[in-house]
J.: 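One structure is given below, represented as structure tokens, and several questions about it will come after.
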Amino acid sequence: MARLNYAQAACSGLEQAMTADPRVIAMGEDVGRGGIFGQYRGLLQKFGPQRVIDTPISESTIMGAAVGMALAGLKPVVEMRVVDFALCAMDEIVNQAAKARYMFGGQGRVGLVARMPGGIWSGSAAQHSQSLEAWFAHIPGLVVVAPGTPQDNHGLLAASIACGDPVIYLEHKELWGVEGEVGSEKVELGKAKLLRSGKDLTLVTWSRTVGAALEAAQKAESIGRSVEVLDLRTIWPWDRDAVLDSSRRTGRLLVVHEAVRSAGFGAEIAAEVAETLGVRVKRLGGPRIPVGYSRPLEEEARLSAAGIFEAITAFQ
Amino acid sequence: MARLNYAQAACSGLEQAMTADPRVIAMGEDVGRGGIFGQYRGLLQKFGPQRVIDTPISESTIMGAAVGMALAGLKPVVEMRVVDFALCAMDEIVNQAAKARYMFGGQGRVGLVARMPGGIWSGSAAQHSQSLEAWFAHIPGLVVVAPGTPQDNHGLLAASIACGDPVIYLEHKELWGVEGEVGSEKVELGKAKLLRSGKDLTLVTWSRTVGAALEAAQKAESIGRSVEVLDLRTIWPWDRDAVLDSSRRTGRLLVVHEAVRSAGFGAEIAAEVAETLGVRVKRLGGPRIPVGYSRPLEEEARLSAAGIFEAITAFQ
Amino acid sequence: MKGASQNPTERGLALYRSMARIRAFEDAAEEASKGGVSAFGAALSQDVMVRGPLHLSTGQEAVPAGVCANLFRTDMITSTHRGHGHTLAKGASMEKMMCELFGRATGFNGGKGGSMHIADFSVGMLGANGVVAAGIPIAVGAAHAVRIRSGKEIVACFFGDGAINRGPFLEGLNWAAIHKLPLLFVCEDNRWSATTATSAMTAGPGALARAQSVGVDGLAVDGNDVFAVDAAAGSLLATIRAGGGPKFLHAVTYRFKGHVSVDPATYRDGQEVARALENDPMPFAEAKIGAIEAKRIRDEAHAEVKRVVEVATAAPWPKSDSAYTDIQDTGAGRWLA
Amino acid sequence: MKGASQNPTERGLALYRSMARIRAFEDAAEEASKGGVSAFGAALSQDVMVRGPLHLSTGQEAVPAGVCANLFRTDMITSTHRGHGHTLAKGASMEKMMCELFGRATGFNGGKGGSMHIADFSVGMLGANGVVAAGIPIAVGAAHAVRIRSGKEIVACFFGDGAINRGPFLEGLNWAAIHKLPLLFVCEDNRWSATTATSAMTAGPGALARAQSVGVDGLAVDGNDVFAVDAAAGSLLATIRAGGGPKFLHAVTYRFKGHVSVDPATYRDGQEVARALENDPMPFAEAKIGAIEAKRIRDEAHAEVKRVVEVATAAPWPKSDSAYTDIQDTGAGRWLA
Ligand SMILES: Cc1ncc(C[n+]2csc(CCOP(=O)(O)OP(=O)(O)O)c2C)c(N)n1
Ligand SMILES: Cc1ncc(C[n+]2csc(CCOP(=O)(O)OP(=O)(O)O)c2C)c(N)n1
Ligand SMILES: [Mg+2]
Ligand SMILES: [Mg+2]
């Protein structure tokens, strides 16, 4: 057990994986200086430039080369800096990484982890603040992970490297400094975490929104509404059983995510639960607007504990 | 009124727009020879290479240049060949075209139509068969259109060029040869078309699936199930009122689309209807698999009238 | 901006003024941004004036000043994440830019864009860009639009040395050359890409050779010598305006500050930085126009920026409702239920 | 494939055999694809053997034959949408490729990929690709993997003339040069990009100059002369194997057929086509190895392809269940409810 922040936790997970398996390498812009969020700090010193590879500003080729490396037997962990720039590598992610194994009839696998920090980043405006987990969940072949705590960032990164599939790994741009206890326990892909038990309503969320959701659930308790909170952690495959189970018990599902509500991944969860159980469902997500720069505009795009609380109480 | 196929109908819509407004131009790979589906046939001869522009195989720059043209006052209609290759231009679509107007605080608009034929294309396998309307619907700033008939391809293309917003225009790769009567009536963006009235179930679909859905609905009639069929036509903004209205009347909603079911746009519609009305909802979509080449594999990825019929009858 | 006198002394003063205004602006913006970025895991202070990553062009002023001195107001430019200099040099209002950095309603973008998306369409500044190299295809399109409507304007496209390793560089230059577009590509080479020395990531004989290999010829110039930049840009632009097709200007300069304003840039060699500071374009230009005039101009710039900071500090915030406008006409709205 | 005798006559025969097998394969595949593509709005016949767009390399055989004669089985290649020639020349089974084109379970990809995704990892053929230029970064990564594990293999990366206008060309070559990767880039220049003459869309002095501008030197060669290709590839590969870093081979040839097998290619000038047919690489090579040997080799190839078509015609279809395998281990499944 050690007290680490979210960036350090990931870094130590990666370091362990690199120590255990020489096929694991890390690459991306500025990783040699530790990455712009410190999430690769010290790795160059430990593993050298052969395995911690600085790259040009060439997102297409960073991702495409990772596919080639994986097909040739390595396990690359590649950095896209932010999910917004991964848009420059979408062919490589969707047409190549996700489909190669299938198209080639099982010849070759594309075991790689593509780290692309997502979410609103204070004062960074529309091109640095997107949440695109729903996109990747829609693409056959991809695994999608969104850790919300240092412990999960440690454990899920290790699990992602180990799984052998192409993993879209969505750290949150505003969690880097968050600290927590990090132990060596394994975190399994595809398993939600029950953060709080409750009997009136199931609240499913992930990534940075977990904090606000817990706060809102606490407050709801004080007015006699008992809210169960699940951190989904893995977006694909999502923990359908856990969500259905909880929703069946509470009879109400509220999905909350920072991503734009329209066609967000909350729609998939809500639709699935409504179809399967016929219980009542609601979604809370971002408005369908680009994230603005100025604080009052940015605030409009954010979810707050107060907003979540309101959604809970309005859900009768 | 003229009898035109889906490609000719779009071509004539574009020709009219280009005749009426010198700011409208067309560009993309092979458009000078009429486009690989014939959807630009004759335009070079009529408007010359200044306005019907052959481009290198440079998807990023085709789309990025269209943004620049639009900001400088033109109304480009740009060809991505297939939606799968538009993945090579995702930064330009999502970070630039969709957001420029907002980021610049309303200085400049990005009125353009990005044509990117979608859907399964016989024997073309995983990199030429995707349906990604849910992606674009998730992105603030974009309009998303998916015409299902020659008439709609004529009218919606005209409306898309006129609207002044960036429009993702998803023709279907297997509708090009389909013929129909095409008149000059306007087709409004954002309005679903009621194809069939019914009282037991509302079936919402779009693009190529419309045909199979109608067939299934007909068959359902014969066993006493009365199915209302709506062709959504515009995916964003979707005709929420029409869908809610119909669902309220029938008490059951079935959304059917060729796109992968998981995190497809059906999830948005189903979730919204379930939330708003509390009526029962179901979704039918493609399995979460890449489209295979061989016929038996490709068939697994397709929706059939029989499959839709089954979903209707199973929905009690 | 072009239209300034061609009298050599007056031109020199105008160039210096352009640079001095940029330097003063960057210094003030830097000051106002302290604590304003959450990069490197640092927390974001709540009451900072300029929030988010702020990319300063301090030390690089000679490039925008020299290039834009050869542009008319109707000419267009595209810019990068490091776009304050381009914007000012193109003739945009310093006040509106500062207001935008302060996130105010009175800024160019009404607070929607901030530094990374600064734009002033009224002077042909078509926008900074948060995505490296993304301005290149946009500039190509703008120049192509000019060609289509047989306009006389030209477009200048600014980008950094790091951008020449991104695909759109190849695609955009090739496109411009095929269509002989009226377009000046300006590679503002400050030798660094964030924390990485660009030279370590860039193979081959350099930016200009890359441009030539796709049919775009040009010049390399000392980007710290505003007079040299002015002359080179002037001669290239004359060719472009005469229908000579796109040209390329490779201007070597240096980024005095960190990648963003809060980056201490400890990854750089102290000697390299010291040498670069000796090549500060400001004293270099001052030596030519004289210390007295230079000081007067700098004082004016400081006074202007002081006023502008005051205005920005007092300016109104955007209404939260405005978060929902300027998105799209068809399908607009919050879509929250 | 390397390992063939270095005896000049035997090498000539081996090169010719490699070409003859490609030609015979392409002719048979073309025949089997008639009516099999729904491009250009045409309907798709239901009982056609080879469905979907089929890109034939007829006329271009000398390039893969000459290059792959210099590769070991353990060396790797990446390919394009027009990949049959590369695959055969690299030593893959003709039978398994034909089975794949016929969509059968016994094909290389079990019917999942078809022509555009043909692959045979057992001979280092890492896949054709439906996306122009997408093979370039993949080849870069494979070569980088070799470097990381200090392997001795090299990677050859085939792409068309149209691909040099896509961003990954710049990015991939620059990357390979920085890291001095063991990588041969082969631009198979058939002068057409679908229905467009590539020359009209490509500015500057050409493919090799572009490569040189990002630090990758190489050679230009007559791509219809298999001996010249063999020699050029051999010399470049010797340098690469000796640690000389990436090299570039620009081979000019011609696409005899339409872009896809059902394309009549009416957009091409008849004289251009006639001239190109006169430069058919097959008779050119035949002239060097002698008509009798050439005929024997061609007959063998025809016999082989005839057998292979019979095998493919009789081969089993994939089970529909296999549509759901080979996707991902974590989160696999149909997800239909
Ligand atoms: C496509 C993309 N990749 C990465 C980044 C992150 N990033 C922002 S600026 C920068 C360095 C750019 O270097 P250069 O082009 O030389 O411009 P400079 O910052 O030196 O002005 C990087 C990597 C980005 N904005 N866009
Ligand atoms: C990114 C991308 N854009 C467009 C296409 C459509 N397309 C397929 S092949 C082709 C022409 C390619 O020309 P070239 O690279 O010269 O290869 P050739 O077909 O001549 O072998 C085009 C445009 C594609 N497959 N991928
Ligand atoms: Mg730089
Ligand atoms: Mg070609």
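Excluded from the calculations below are hydrogen atoms, water molecules and symmetry mates; all remaining heavy atoms, backbone and side chain alike, are included.
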J.: Tell me, out of D:Leu101, D:Asn109, D:Thr198, who's got the most heavy-atom pairs with chain B below 4.5 Å.
T.: D:Leu101
J.: Quick one: what part of D:Leu336 sits under 4.5 Å from any heavy atom of chain B, side chain, backbone, both or neither?
T.: both
J.: Parallel, tilted or perpendicular, judged at 30° and 60°: which one describes the rings of D:Phe158 and D:His86?
T.: parallel
J.: Any carboxylate oxygen within less than 4.0 angstrom of a Lys/Arg side-chain nitrogen, looking at B:Arg3 and B:Glu181?
T.: yes
J.: Non-hydrogen contacts under 4.5 angstrom with chain B: give the residues of residues 131-138 of chain D involved, or none if there are none.
T.: D:Val131, D:Val132
J.: With a 4.5 angstrom heavy-atom cut-off, which part of B:Arg261 approaches chain D: side chain, backbone, both or neither?
T.: side chain
J.: Which answer fits B:Ser58, side chain, backbone, both or neither, if we ask what part of it has an atom under 4.5 Å from a heavy atom of chain D?
T.: both
J.: Let me check something: any side-chain donor-acceptor pairs from residues 312-323 of chain D under 3.5 Å, sequence neighbours excluded? List them with distances.
T.:
unit_1, atom_1, unit_2, atom_2, d
D:Thr313, OG1, D:Val309, O, 2.5
D:Asp321, OD1, D:Arg334, NH2, 3.0
D:Ser322, OG, D:Lys319, O, 2.9

J.: Is chain D contacted by the side chain of B:Thr55, its backbone, both, or neither, given a heavy-atom distance below 4.5 Å?
T.: backbone
J.: When heavy-atom pairs shorter than 4.5 Å are enumerated against chain D, which of B:Glu299, B:Arg33, B:Arg283, B:Gln39 gives the highest number?
T.: B:Arg33
J.: Select one option (side chain, backbone, both, neither) describing which atoms of B:Glu298 are under 4.5 Å from chain D's heavy atoms.
T.: side chain
J.: Below 30° counts as parallel, above 60° as perpendicular, anything between as tilted: where do the rings of D:His259 and D:His55 land?
T.: perpendicular
J.: With a 3.5 Å distance limit and no angle check, can you tell me whether B:Tyr293 reaches the backbone of D:Arg51 through a side-chain donor-acceptor pair?
T.: yes
J.: B:Phe37 and B:Trp121: aromatic ring centres closer than 6.0 Å?
T.: yes
J.: Any salt bridge between D:Lys112 and D:Asp326, counting N to O under 4.0 Å?
T.: yes
J.: Ignoring hydrogens and angles, state whether a donor on the side chain of D:Glu272 or D:Trp192 is under 3.5 Å from an acceptor on the partner side chain.
T.: yes
J.: Please lay out, stage by stage, how D:His84 and D:Met97 fare under the test side chain to side chain contact (heavy atoms under 4.5 Å, CB included).
T.: CA-CA 8 Å; D:His84 307 157; D:Met97 183 152 71; 3.8 Å; yes
